[in-house]
Amino acid sequence: MRSGRGGAVIVIVTVAHRTVDAVWKFESAKIIAALTRMVHDVGLAEELAQDALVAALEQWPESGIPDNPGAWLMTTAKRRAIDHIRRSQRRERRHEQLARELDERQDASEQDDVLRLMFISCHPVLPTEARVALTLRLLGGLTAAEIARAFLVDEPTVARRIAAAKRRLAEERVPFELPEGSALAERLSSVLEVIYLIFNEGYAATSGDDLMRPGLCLEALRLGRLLAGLAPHESEVHGLVALMEIQASRTAARIGSAGEPVPLHKQNRGRWDQLLIRRGFTAMLRVRESGGPPGPYALQAAIAVCHAQARAPEDTDWAQIAALYAALVRLLPTPIVQLNRAVAVGMAQGPQAGLTLVDTLTDEPALRDYHLLPGVRGDLLARLGRHDEARLEFERAAALTRNAAERDFLRRRADEIPVTGQPEVTLAQAARDFLARDDLDAGTVRSYGQTLGRLCRSLGGHLPLTALTADQVTQVFATTWGGAASATWNRHRAAVRSFGAWAALDDLAAGLDRRGETRPRTETISADRLDALWQRPGLPLRERTLWRLLHESAAGVSTVLSLNVEDLDLDDRRARVGGTWVSWRSETARLLPRLVAGRTRGPVFLADRRPGPARTPAPADLCPETGRRRLSYERAQYLFKQATKSLDPAGDGYTLRQLKPPADARAGRTRDHQGPAPLHASTLPGGSGGQEAWEPSQGS
């Protein structure tokens, strides 16, 4: 009896937990959106929603699952939000208003809240990866672990992206409101981009063993349908939904029995999902009802409709598809869209017409590592009977892709083309032999390996060495390092020259002129702008002290950030860092004691928060008294640029290195207190002339 009763309890708990999980997936976006409207902080709103989730996990197994689980979670979360606001001593009138909203808020307002949350999570101030992760977290209800598995990254990376996104939204004070006027189109475009990125990663995974990740496709479809319901009059929203519905309809036919990709013209169209196709056609009708010229997503959906309407591959209206791609290129002239257009033209007008268009894209930097460029080129060359060239292109495409299923497919295509004549030494073989020489040290091997590795990826490792030309090398350099610093360009040029001499080829660097290496002079901030900065009210003590110290000491940023409290000599206004000294003047001397008051050890400049469990720094970078880590170079740089945007005529903000006074001012500077003359890092043995080699690079 005891065993049976315990089993029943386990069943009840399991059912309750499964119910909580299912309800959370559907209701989390509405709950977090409503809370964000109340507390005006996405991070806090998610914490309050999680509190309600924990309450459900604790209470439902005992009290039973409520009749309306979603409403229970919403009510519990809102009550916790009100408690939080009351604890923050908000005005009583605001309390009453929020209490009324708890009982009177209508479904329409909750829908508006979800739409606002969608616009916030996809805000353009966030980098793309952060937008995707935050959207899946807040609107999809996915955990960091689920997002990490979907994108084949580790969980701490996803957690950092989400945390950084919330912090950035708070710092930028992004309002919880729907954009209006011209801002609506820009913000909506960002939302659509994020949803389509999620769908594409599921439809054609960029890395890993599997060709598809259906879970991401389904999540993108759910978000797209949700957005279509929230913004029913936006034609591009319906265009994206139509595109995803029709693309998703081919899922069962896209993968063969061994997990290999099946090209569109070889798919069994009887396996296409007709329900999804009909839903896509319905969404296209809504696009037409919305009126106005079609946008990029509507045009792509129209192309998908052409494929879906063809009962057999030979029935496909390629001329119409090519015309639609021509219209799409006018709206969205990206290299990938142009490559897709070349495929359509190759089908409508013949492979030579398609190859002519593809060859105009071979020097596009955006496509230099895109495996479909040589893949498409190989297919067109094979159709033209140029089999040796086609085989090399398929091998190059296989080397570029990070998806195992696609790599195997492309290698099979290359292997299907017989090799004519005697096998020759390939570029990859020659590069390996060159780097295996005994007279090259480890640093040279690493440097030369970067250059030759890029040549192999760009030209194909199976390219016969005798077919390698100076023109090909010049094109790779222009695409890869055309905008690089002179030192970087010259380093790669030297590697090519050495390799060419070793291989007894003609001068492979004949088209590569050596660039003059002149270090650009760092422009310092003018005195009047510095005065405006020093006089600005409300500057945090940490930032004010750091900036003053950088200006008065003329030391490098990394050197100053590496200072520890125990290294400071406050009386003599200097500190030892490794083999160098950093000294300062009166303003820093006034601020530093206040900054380190009460601390005896650890970094002088500390981050705002304690690190999370997955981001524990080295002991030397952790303050034993506060638990906070050393302020990072990147964070310090970001804060300074943000603070100086209004001072910079260009509006970009200054860098911390620009706080150094001009060289003549440093040379004539004297200390303003009794004692020995100041010693700067650049004047000590082992110094680096005022610029540390270990300071983060400004470009390579």
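This is a predicted model, so every value here is computed, not measured.
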remark   = Nearest heavy-atom contact between Pro649 and Arg529 is CG-NH2, 3.2 Å

ask   = Ser486 side chain to Gly516 main-chain N or O, any donor-acceptor pair under 3.5 Å?
value = yes

task = Classify the side-chain pair Thr157/Arg160 by whether it contains a donor and acceptor separated by less than 3.5 Å.
result = yes

task = Taking the side chain as every heavy atom from C-beta outward, state whether Leu647 and Arg536 have any atom pair closer than 4.5 Å.
result = yes

ask   = How long is the span from the OG atom in Ser646 to the CG atom in Leu533, to the nearest 0.5 Å?
value = 8.5 Å

message = Looking at every heavy atom in both Arg585 and Arg573, which two are closest together, and how far apart are they?
response = C-NH1, 3.8 Å

inquiry  = Return the CE to CD1 distance between Met38 and Ile82, rounded to the nearest 0.5 Å.
reply    = 4.5 Å

request  = Please determine which of Leu563, Leu591, Leu659, Leu595 meets the side chain to side chain contact (heavy atoms under 4.5 Å, CB included) test together with Leu549.
outcome  = Leu563

request  = Decide yes or no for Arg542 and Leu606: does some side-chain heavy atom of the first lie under 4.5 Å from some side-chain heavy atom of the second?
outcome  = no

query = Going through the distances and angles, do Thr655 and Lys641 end up as a side chain to side chain contact (heavy atoms under 4.5 Å, CB included)?
reply = CA-CA 6 Å; Thr655 65; Lys641 288 182 73 71; 4.3 Å; yes

query = Atom CG in Leu568, atom CZ in Arg576: separation rounded to 0.5 Å?
reply = 14.0 Å

CD (Glu129) with more than 12 external heavy atoms under 6.0 Å = no

query = Who pairs with Thr479 by side chain to side chain donor-acceptor pair (under 3.5 Å), at least two apart in sequence or on another chain?
reply = none

ask   = So do the side chains of Leu223 and Leu227 get within less than 4.5 Å of each other, counting heavy atoms only?
value = no

key: Gap between atom CG of Leu35 and atom CD of Glu47 - 0.5 Å precision   = 11.5 Å

key: Pairing of Asp608 and Arg635 as salt bridge, 4.0 angstrom limit   = yes

Residue list, side chain to side chain donor-acceptor pair (under 3.5 Å) with Arg368, at least two apart or on another chain = none

key: Pairs touching residues 642-652 that satisfy salt bridge (charged side-chain N to carboxylate O under 4.0 Å, His left out), sequence neighbours left out   = none

key: Residue pair Val560 / Leu656, side-chain heavy-atom distance below 4.5 Å   = no

query = Which pair of heavy atoms, one from Glu172 and one from Gln642, lies closest together, and at what distance?
reply = OE2-NE2, 3.6 Å

remark   = Heavy-atom nearest pair, Val582 first then Ala555, reads CG2-CB, 4.0 Å

query = Glu236 side chain to Tyr297 main-chain N or O, any donor-acceptor pair under 3.5 Å?
reply = yes

query = Among side-chain atoms of Ser447 and Arg491, is any donor-acceptor pair under 3.5 angstrom?
reply = yes

Name the atoms and distances for all side-chain donor-acceptor pairs under 3.5 Å in residues 188-198, with sequence neighbours left out.
unit_1	atom_1	unit_2	atom_2	d
Ser190	OG	Cys122	O	2.4
Ser190	OG	Arg131	NH1	2.6
Glu193	OE1	Arg131	NH1	3.3

remark   = dist Glu634:CD -> Leu631:CG (nearest 0.5 Å) comes out at 9.5 Å

inquiry  = If you define the side chain from C-beta out and look only at heavy atoms, does anything of Phe119 sit under 4.5 Å from Glu177?
reply    = no

key: Heavy-atom check, side chain of Leu546 versus side chain of Phe640, under 4.5 Å   = no

task = Only counting residues at least two apart or in another chain, list the ones meeting salt bridge (charged side-chain N to carboxylate O under 4.0 Å, His left out) with Arg630.
result = Asp621

Check: Leu138 main-chain N/O paired with Glu46 side-chain donor or acceptor under 3.5 Å = no

query = Would His551 and Leu530 count as a side chain to side chain contact (heavy atoms under 4.5 Å, CB included) if you check the C-alpha gap in whole Å, the side-chain angles of each, and the deciding distance to 0.1 Å?
reply = CA-CA 10 Å; His551 180 65; Leu530 273 178; 3.4 Å; yes

note = Nearest heavy-atom contact between Val604 and Arg599 is O-NH2, 2.9 Å

task = Please identify each residue that fulfils ring pair (Phe, Tyr, Trp, His ring centres under 6.0 Å) with Trp489, with sequence neighbours left out.
result = Phe477

ask   = Going by heavy atoms in the side chains, are Glu364 and Tyr370 under 4.5 Å from each other?
value = no

task = Determine yes or no for a side-chain-to-main-chain donor-acceptor pair under 3.5 angstrom, with Thr644 supplying the side chain and Tyr654 the backbone.
result = yes

query = Ser562 and Val577: which non-hydrogen atoms are nearest, and at how many Å?
reply = OG-CG1, 3.3 Å

query = If you measure from CG on Asn564 to SG on Cys623, what distance do you get to the nearest 0.5 Å?
reply = 10.0 Å

message = Is the shortest side-chain heavy-atom distance between Trp534 and Glu587 below 4.5 Å?
response = no

task = Start with the C-alpha distance between Gln637 and Val557, add both sets of side-chain angles, then the distance that settles side chain to side chain contact (heavy atoms under 4.5 Å, CB included), and finish with yes or no.
result = CA-CA 9 Å; Gln637 190 76 274; Val557 180; 5.7 Å; no

key: Any donor-acceptor N or O pair under 3.5 Å, side chains Thr480, Arg457   = no

ask   = With a 4.0 Å cut-off, would you call Glu171 and Arg168 a salt bridge?
value = no

